[in-house]
Q: 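This structure is in structure tokens; I'll ask about it shortly.
All values derive from a computational prediction rather than experimental measurement.
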Amino acid sequence: MFLMAPALFLHSCKKDLSKSGPSVPGMTAGTVARAANETVSIWETTSDQSKLLAQQTSVNFAADAGTNATTITVDENTTYQTIDGFGYALTGGSAQLIDGLGANQSTFLNDIFSTAAGHVGSSFVRISIGASDLSSSDFTYDDMPSGQTDNNLNNFNISQEMTDLVPVLKKIIAINPSIKILATPWTAPVWMKSNTTGNGGFTGGSLNTAYYDAYARYFVKYIQAMAAQGITIYAITPQNEPLNANNNPAMTMQSNEEANFIKNNLGPQFAANGITTKIIAYDHNCDQPGYPEAVLGDASANPYVDGSAFHLYAGDISALTTVHNAYPSKNVYFTEQYIGGPGNFAGDFSWHMNNLLIGAPRNWSRVVLEWNLASDPNYNPHTAGGCSTCLGAVTISGNSYTRNTAYYTVAHVSEFVKAGAVRISSNTFSTSIQDVAFKNPDGTKVVVALNTATTSQTFKIKWGGESFTYTLPAGAAATFKWAGTQSSASGPPIGQTITLKGFNGDYVSGEDGTTAMTCTRTTASTWEQFLVVDAGNGKVALQSMGKYVSSENGTMPITCNRTTYSAWEEFTWGVNTDGTITLQGNNGDFISSEDGTQAMTCNRTSASGWESFGVNQ
């Protein structure tokens with residue numbers, strides 16, 4: 001569902017070339033030292049809940065051997081986005097319930113927010129600016145009697161947060177001082193709105209253009225008021241679900257309205273007041289990537305915007321990559337998804353792990369947040385017309401709490417992947433094992449894997465010259481963590497889709513699958529992408545559009561027209577010291593891009609510039 005297009009990064013690797021065959025200038029010869037049998041710690045959750053983030057018997061890496069069609073190749077030398085963290089929304093209702101935990105409050109808050117071993121270690125939290133639909137009542141920070149306005153914001157105050165939210169946040173910050181806080185309004189004060197539809201003006205409507213400046217100053221006052229309480233707001237979004245008029249509270253804000261508000265009012269007000277809080281656009285479903293693209297495409301709004309935020313009640317998680325590719329310098333965040341109570345653990349756990357905890361980071365998200373942290377046994381508190389079935393990550397009943405599905409989805413990643421980690425290269429498989437990999441600031445590696453098949457799956461995790469195998473039951477997830485440095489013998493990127501760039505800077509093409517292959521394409525599309533298949537016995541096959549590359553008989557031009565592979569479709573993958581690769585055919589000769597204009601061949605007895613190819617460049 002969310003397989004990414006090939007990342008345009010160099011896959012740097014070296015292979016053991018001690019086997020017989022023509023020598024290749026510039027290639028590493030002899031046995032390359034591998035890492036030292038690192039111990040891998042494992043935690044697993046099963047769909048029947050017989051294991052819930054349960055630590056398993058550790059395994060050890062060993063020298064890679066044998067083949068497995070499902071091989072997760074982890075390359076820590078290829079990195080993607082930095083991770084800010086994983087966590088939950090601390091709604092007003094959640095804070096109210098947490099405040100009533102009594103003697104168990106400290107235990108609970110440490111369980112969720114402590115970064116010590118054995119705790120969830122959430123490092124990112126989302127709160128609402130004023131009421132959300134999971135507050136016990138509607139309010140903003142400047143409510144006025146009907147018909148009255150307060151353009152100077154003389155009535156502004158956050159007093160309604162001083163009972164529960166602010167005290168709970170202060171305790172969270174004491175536990176994890178580096179936690180990042182995202183704040184989002186569900187609505188502006190009613191007097192700032194026009195065309196409202198109910199609930200005393202809290203539902204529907206849009207921001208009256210006459211109050212754009214006042215609303216920008218409202219954000220400034222909010223950030224300053226929270227700072228006065230020792231609470232730093234890391235980022236805001238201008239509006240929660242700006243295309244949803246039907247929640248309570250709610251307010252619509254079209255993309256042109258958000259862009260205008262940011263560029264003319266919010267951004268300049270932040271700058272004028274020395275506020276460094278990030279502005280993140282959109283904060284709604286994946287079915288409308290055109291909305292954040294429109295905001296980011298506004299030349300005057302763009303400099304004020306850090307990135308865009310998404311939910312997944314509609315659309316596909318790959319929309320995050322769509323927006324990232326359009327604006328690669330801007331960040332991407334996943335900020336909300338709920339589980340409807342009473343829920344189905346097996347189905348909910350698998351869907352959320354697949355699409356959010358694995359899918360969102362694989363699509364460039366720096367953050368994954370579940371909605372919401374806590375509810376009571378009846379899914380309260382909520383406003384009239386707010387979500388009446390939102391199952392919290394925990395259910396709080398009086399002074400006790402029980403853990404629910406979202407507790408485990410977040411914990412499977414957050415406990416092990418720390419703020420400041422980077423996502424690293426790994427590959428997924430369309431119908432079985434989904435995964436994502438990270439490298440922590442301390443150098444430890446983490447792989448989170450989910451079995452989406454209906455039967456148990458055995459797969460290999462390959463890291464440098466080492467690997468181990470593991471079996472996951474249907475619907476189960478596991479987190480693997482280890483230390484050490486990747487050896488240089490990383491081998492071919494089995495299971496990954498790659499591009500090959502020749503000496504002339506053009507891409508190798510399978511052409512139309514019938515004519516001879518060339519290395520003449522200036523851009524890479526479908527016929528210029530090749531799946532690296534494990535052909536066994538240390539060889540690979542290359543597949544494009546369902547056809548395999550063939551070296552033919554070693555004298556004819558090579559093609560990409562075979563529906564299966566055998567000897568002439570199998571190649572030895574070699575790596576040059578500069579990171580480029582060579583492909584050696586069944587005849588012992590090398591594939592050549594010739595002079596970049598003629599048909600490619602596999603008849604060169606030695607490898608130099610025209611026989612070397614850059615991977616994913």
Side-chain angles (χ1 to χ4, degrees), residues 1-7 9 11 13 40 42 44-47 59 64 66-76 78 80 316-318 320-321 346-347 349-364 409 412-413 423-438 445-463 467-480 490-499 526 529-536 539-548 564-565 573 615-616:
M1 177 176 181
F2 52 85
L3 289 175
M4 292 177 57
F9 293 93
H11 183 90
C13 50
V40 182
I42 306 166
E44 186 176 317
T45 294
T46 54
S47 60
V59 299
D64 183 50
T67 61
N68 189 312
T70 309
T71 296
I72 301 170
T73 301
V74 177
D75 180 10
E76 65 182 87
T78 299
Y80 302 93
D316 190 283
I317 197 66
S318 61
L320 279 65
T321 288
F349 180 79
S350 180
W351 192 93
H352 281 243
M353 289 298 297
N354 191 355
N355 289 283
L356 309 190
L357 280 306
I358 294 173
R362 287 196 71 90
N363 284 279
W364 295 95
T409 59
H412 251 288
V413 189
R423 181 169 67 89
I424 58 177
S425 177
S426 67
N427 53 295
T428 59
F429 307 87
S430 60
T431 58
S432 55
I433 300 297
Q434 307 303 328
D435 69 87
V436 64
F438 306 92
K445 268 64 65 177
V446 177
V447 170
V448 181
L450 170 73
N451 179 8
T452 58
T454 56
T455 58
S456 293
Q457 297 289 309
T458 299
F459 56 96
K460 179 194 290 187
I461 292 182
K462 186 175 185 294
W463 172 61
S467 66
F468 66 87
T469 58
Y470 194 79
T471 300
L472 265 179
T479 300
F480 306 89
S490 54
I494 300 297
Q496 295 189 36
T497 300
I498 63 169
T499 59
T526 52
Q529 297 181 33
F530 299 91
L531 175 67
V532 182
V533 177
D534 188 345
K539 303 252 181 120
V540 300
L542 300 177
Q543 185 186 57
S544 183
M545 299 294 287
K547 303 283 186 70
Y548 289 96
T564 60
Y565 62 84
W573 178 286
V615 177
N616 287 341

Q: As an exercise, state the distance from CG of Asn616 to CD of Gln496, rounded to the nearest 0.5 Å.
A: 7.5 Å
Q: Going by heavy atoms in the side chains, are Val446 and Val448 under 4.5 Å from each other?
A: yes
Q: Let me see the working for Ile42 and Val59 under side chain to side chain contact (heavy atoms under 4.5 Å, CB included), right down to the final yes or no.
A: CA-CA 8 Å; Ile42 306 166; Val59 299; 3.9 Å; yes
Q: List the steps, then state whether side chain to side chain contact (heavy atoms under 4.5 Å, CB included) holds for Phe459 with Thr71.
A: CA-CA 6 Å; Phe459 56 96; Thr71 296; over 6 Å; no
Q: Ala477 and His412: which non-hydrogen atoms are nearest, and at how many Å?
A: O-CE1, 3.8 Å
Q: For a 4.5 angstrom cut-off between non-hydrogen side-chain atoms, does Asn427 reach Pro493?
A: no
Q: With side chain to side chain donor-acceptor pair (under 3.5 Å) as the test, would you mind laying out the steps for Thr458 and Thr471 before giving the verdict?
A: CA-CA 4 Å; Thr458 299; Thr471 300; 2.6 Å; yes
Q: Which atom names give the shortest non-hydrogen contact between Ala474 and Ser47, and what distance separates them?
A: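 Residues Ala474 and Ser47, closest heavy atoms: O-OG, 3.6 Å.
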Q: I'd like to know if Asp534 pairs up with Lys539 as an ion pair, taking the criterion as any Lys NZ or Arg NE/NH1/NH2 lying under 4.0 Å from an Asp or Glu carboxylate oxygen.
A: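 Lys539 and Asp534: not salt-bridged.
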Q: The test is side chain to side chain contact (heavy atoms under 4.5 Å, CB included); show your working for Val447 and Val74 and say whether it passes.
A: CA-CA 8 Å; Val447 170; Val74 177; 3.8 Å; yes
Q: Quick one: OH on Tyr548 to OG1 on Thr564, what's the gap to the nearest 0.5 Å?
A: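 Result: 8.0 Å between the selected atoms.
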Q: Side-chain contact test, heavy atoms from C-beta onward, threshold under 4.5 Å: evaluate it for Trp463 versus Asp75 and give yes or no.
A: no
Q: Starting at CG of Asp316, measure out to CG of Asn355 and round the result to the nearest 0.5 Å.
A: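 Reported value, rounded in 0.5 Å steps: 7.5 Å.
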Q: Ala449 and Ile433: which non-hydrogen atoms are nearest, and at how many Å?
A: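 Distance-wise, the nearest heavy atoms are CB-CG2, 4.2 Å.
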Q: Working to the nearest 0.5 angstrom, can you tell me the gap between Ser456 OG and Asn451 CG?
A: 7.0 Å
Q: Looking at Phe438, is Arg423 sitting on its ring face, NZ or CZ under 6.0 Å from the six-membered ring centre and within 45 degrees of the normal?
A: no
Q: Can you name the closest pair of heavy atoms from Thr428 and Gln434 and give their distance?
A: CB-OE1, 3.4 Å
Q: Side chains of Lys460 and Ile72: closer than 4.5 Å at any heavy-atom pair?
A: no
Q: Going by atom types only, do Glu44 and Thr46 share a side-chain donor-acceptor pair under 3.5 Å?
A: no
Q: Which distance, rounded to the nearest 0.5 Å, do you find between the OG1 of Thr45 and the CZ of Phe349?
A: 4.5 Å
Q: Is it the case that the side chains of Asp435 and Ser426 hold a donor-acceptor pair, with the cut-off being a distance below 3.5 Å and no angle test?
A: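 On atom types as modelled, these side chains qualify, holding a pair under 3.5 Å.
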Q: Counting only N and O atoms by type, is there a donor-acceptor contact under 3.5 Å from the side chain of Asn354 to the main-chain atoms of Ile358?
A: no
Q: Which pair of non-hydrogen atoms, one from Ala535 and one from Tyr565, has the smallest distance, and what is that distance?
A: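 It is CB-CE1, 3.7 Å.
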Q: Which atom pair, heavy atoms only, marks the closest approach of Val436 to Pro361?
A: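 Here Val436 and Pro361 meet closest at CG2-CB, 4.0 Å.
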Q: When you compare the side chain of Pro473 with that of Gln457, does any pair of heavy atoms fall below 4.5 Å?
A: no
Q: Got a donor-acceptor contact below 3.5 angstrom from the Asn363 side chain to the Leu320 backbone?
A: no
Q: For a 4.5 angstrom cut-off between non-hydrogen side-chain atoms, does Asp64 reach Lys462?
A: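 Asp64 reaches Lys462 side chain to side chain.
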Q: Contact between Phe468 and Phe480 at the side-chain level, heavy atoms closer than 4.5 Å - yes or no?
A: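 Counting from C-beta outward, Phe468 and Phe480 do come under 4.5 Å.
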Q: A side-chain contact here means heavy atoms from C-beta on lying under 4.5 Å apart; do Ile461 and Tyr470 qualify?
A: no
Q: Assess the residue pair Leu450 and Met353 against the criterion (side chain to side chain contact (heavy atoms under 4.5 Å, CB included)); give the C-alpha distance rounded to whole Å, side-chain angles, the decisive distance to 0.1 Å, and a yes or no.
A: CA-CA 7 Å; Leu450 170 73; Met353 289 298 297; 4.0 Å; yes
